[in-house]
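If you're wondering where the values come from, they're calculated on a predicted model, not measured in any experiment. Start at 1 and go down the list; that is how both ligands and their atoms are numbered.
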Amino acid sequence: MRIGAHVDATDPLHEAALRKADAVQFFLTDPQKDWKAPQPREDAALLRASEVDIYIHAPYVINLATTNNRIRIPSRKLLTSHAEAAAAVGAKGLVVHGGHVNAGDDLAVGFDNWRKAFVQAAETGGHRTPVFIENTAGGDNACARRFDNLARLWDAVGDYGVGFCLDTCHAHAGGEDLLDVVDRVKAITGRIDLIHANGSKGDFNSGQDRHDNLGSGTIDPELVVEVIRAAGAPVIVETPGGVDGQAADIAYLRDRLGR
Ligand SMILES: [Zn+2]
């Protein structure tokens, strides 16, 4: 089982070594504001050849569900350009959040917008890196916070080979119990491609996307271990505390999982 961390993009392989990680996830652009396509990376060949598994997290500005054309259309382009740039570094997956519609909008339109994004990509040969949709923690109009909505999202996109990334903080803070979460997700998606193994500063169902270290916060870390064991998927910790905090979380998981 591969276990790694979300790290700074400057030198991901060095960051991996510091944490004894065998996987890394990073951003290719500024996730909060960049709408431009990623630039080619000088270390692309090194990353491709590395023993370390690479995952790319898409920018937060992307919202493929929204009814706002001025967000949705550039979001499709940005996801496509990230899938291409992620392929250039040999990434195994491109993680993108489930998105949301605006208050008062019909969620059904949001699910259909998701479907259209994959239809459009399929017309040009599909995304160059497998896309993993991640569950989110907050909001009343989210496509992938509550699993009743996740099921509707999967009805829309499930035929397009899309993957799923399960974030333990987001599930807990989003109001989905971690005890049987893997079975319930797999009943919907049929797959879990990546686990974001995070503690949560926010309470159950608080809607707060505030990651914590394993063993701190409101999630029993043994529950996170059980989720990983049940899912059997690669793991990325997106936890605070820099090298020390993340290395401790990785070491804890390796110890508990016997890997
Ligand atoms: Zn996450």
- request: Apply ring-ring contact (aromatic ring centres under 6.0 Å, His included) to His127 and list each qualifying residue two or more places apart in sequence or on a separate chain.
  value: Phe118
message: For His82, give me all partners under ring-ring contact (aromatic ring centres under 6.0 Å, His included), at least two apart in sequence or on another chain.
response: none
Report, one line per pair, each donor and acceptor closer than 3.5 Å where one atom sits in a side chain of residues 231-243; sequence neighbours left out.
unit_1: Glu238; atom_1: OE1; unit_2: His196; atom_2: ND1; d: 2.9
unit_1: Glu238; atom_1: OE1; unit_2: Asn198; atom_2: ND2; d: 3.0
unit_1: Glu238; atom_1: OE2; unit_2: Gln25; atom_2: NE2; d: 2.9
unit_1: Glu238; atom_1: OE2; unit_2: His196; atom_2: ND1; d: 3.3
unit_1: Thr239; atom_1: OG1; unit_2: Asp249; atom_2: OD2; d: 2.7

task: Would you check if there is a donor-acceptor pair between the side chains of Asp8 and Thr10 at a distance under 3.5 Å?
output: yes
field: Close side-chain approach of His6 to Tyr55, heavy-atom, < 4.5 Å
entry: no
query: Under 2.8 Å from the Zn ion (ligand 1), which protein N/O/S atoms are there?
result: Glu134 OE2, Asp167 OD2, His196 ND1, Glu238 OE1
field: Salt-bridge criterion met for Arg191 and Asp193 (N-O under 4.0 Å)
entry: yes
